[in-house]
Amino acid sequence: MRFSKYFIPTQKENSSDAKIKSHILMIKSGMIKQEASGIYSWLPVGFRIIQKIIKVIEKFHELAGVNQILMPTIQSAEIWKKSNRYHTYGKEMLRITDRHEKELLYGPTNEEMITLLAKSFIKSYKNLPRYFYHIQSKFRDEIRPRFGVMRAREFLMKDAYSFDLNKKKGEETYLMFFKLYLKIFKELGIKVIPVRAPAGEIGGNLSHEFHMIVESGESEIYIDESLESMDFNNYSIDDVMSIKSYTDEFYNENKITMSLKKFKSIELGHIFLFGDKYSKSFDFFIDAEKGKFLPFMGSYGIGVSRIPAALIEGSDKKDGVIWPVNVSPFRAVILNLDKKSDLVEKFCDNMYSRFIEDGIDIFYDDRDERPGIKFSDADLLGIPFVIIIGKNYLKKKSVTIINKYSDEEIEIPESDAVNKIKKLIKLHD
RNA sequence: CGGGGAGUAGCGCAGCCUGGUAGCGCAUCUGUUUUGGGAACAGAGGGUCGCAGGUUCAAAUCCUGUCUCCCCGACCA
């Protein structure tokens, strides 16, 4: 993408509404625009980052045999009355009435709907297990939205739902998602810690949240620090159930007394195994070899639109961010620092085409702007590799590459530049 | 919902106390000179002061109502 064709409404000054690093930066770098309290539009750069995150999520769900669907955001109140959550969910649920006075709501989650969806198609035990997910806007009417997309009312969420034969199979699925989540967050460049959580409104008795530890986080977790570097690959369901890290709620409710370290954190994922709570509410019986049974269910959420903010909060860079390669809006950026020179222009155009041909998502600052502006915009956007073409190219046919992860600046012959960038991307992949 | 703060040009703010019809910085536009880390000079455009009432000869300014946004708390898959 050429900068000249890309809409990035950056701001020089901080918005007076934004108080935390991620919110300030997201507005400053033209990622988001607020529409109402807790409701945001995603602008090109911001949405591009969201799409990168979605791509990673989709890749891993696909590999695990989880089928992507798309359910509506508007649901009928009726189904929530049936599960008895219409009244218990409270004011956080946005209720709407249509022109026929039919009660509707903007979905805060989709257990009811997916259960009915599955019920209408799945009739035999031979059809299990089935896993579905979708990535969709949710609305929860928070009393006080804050910190930009961190605690928004409308937000993008990935929610998956599983249907299994029985408890044992359900637990295997739960374990699969547990490990799947760790892989996804790893690929997104986020260090998360799984913590035991109470099941809350969803119901059931097995639940974990995935938290990123950061001082500016709104959540509090108590963790066994050995878990920070734990490899969970060989964990069994029993191991997972006995993890000695907890959300503050779980910690308090269960009056846990062991000495654990308390951290501030951001909740990015939440998984539940709730069994037949919803299949029961909707009389979702499936034929077994003999007789029938209620499928064993679980649900698995990731707060997609919260992830960019979390990454910024978690970044070491003061007042800024350097995106992990898989999340970065672009893999690298080419800066043409000498718009006057046809030679430089030609070389930049050429290099840009080569990256494009190789399928590398490259950004090209082809604007007629001063170098300082190009450097600071590249910083603001947090693109990890910056390729500088200007006077060194004219003088000695060399280009400069800045690796933002290591803060290294290297000057290399022009012919090696494309390969060098490819290597750097691969190294950080 | 309780407590606090704020709505004046695209963004950040001053002006309000003490009423006289709006100003600064950044951004934008034009021109010239600049150009390896947010350039300099010269000129220009842009605001029914959140909205609605009221007081007054006169309201951004005083009064009343209302809407919106932010912060702290309670709330929260």
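Note on naming: letters A, B, ... go to the chains in the order of the sequence lines (proteins, then strands), and numbering restarts at 1 for each one.
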> To the nearest Å, how far apart are A/H23 NE2 and B/C11 P?
Replying inline: 14 Å
> Closest to the A/K12 side chain: B/C76, B/C11, B/A27?
Replying inline: B/A27
> Any side-chain N or O of A/R140 less than 4.0 Å from the OP1 or OP2 oxygen of B/C76?
Replying inline: no
> If you look at every strand shown and take non-hydrogen atoms under 4.0 Å, does A/K391 touch a base, only sugar-phosphate, or nothing?
Replying inline: base
>> Taking the P atom in each of B/A59 and B/C51, what is the distance between them to the nearest angstrom?
In response: 15 Å
> So does A/S16 get a side-chain nitrogen or oxygen closer than 4.0 Å to the phosphate oxygens (OP1/OP2) of B/C13?
Replying inline: yes
> Mind checking the C1' distance from B/G15 to B/C24? Whole angstroms is fine.
Replying inline: 10 Å
> Looking only at atom C1', what distance separates B/G65 and B/A42, rounded to whole Å?
Replying inline: 49 Å
> Choosing from B/C72, B/G38, B/C1, which nucleotide comes nearest the side chain of A/I143?
Replying inline: B/C1
> Where the side chain of A/E13 is defined as all heavy atoms beyond and including C-beta, which of B/G25, B/G36, B/C69 is the nearest nucleotide?
Replying inline: B/G25
>> Taking the minimum atom-to-atom distance to the side chain of A/Q34, which one of B/G38, B/C69, B/G36 wins?
In response: B/C69
>> Looking at B/C72, I'd like to know if its phosphate oxygens (OP1 or OP2) sit under 4.0 Å from a side-chain N or O belonging to A/R144.
In response: yes
>> Can you identify which nucleotide, out of B/C69, B/U35, B/G36, has its nearest atom closest to the A/R370 side chain?
In response: B/U35
> Any donor-acceptor pair under 3.5 Å joining the side chain of A/R151 to the base of B/C76?
Replying inline: yes
>> On the side chain of A/E369, is there an atom forming a donor-acceptor pair with the base of B/G38 - under 3.5 Å, no angle test?
In response: no
>> Under 6.0 Å between ring centres: does that hold for A/H23 and A/F147?
In response: no
> When the aromatic ring centroids of A/F178 and A/F210 are compared, is their separation below 6.0 Å?
Replying inline: yes
>> Are A/F284 and A/F163 packed together at the side-chain level, in the sense that at least one heavy-atom pair is separated by less than 4.5 angstrom?
In response: yes
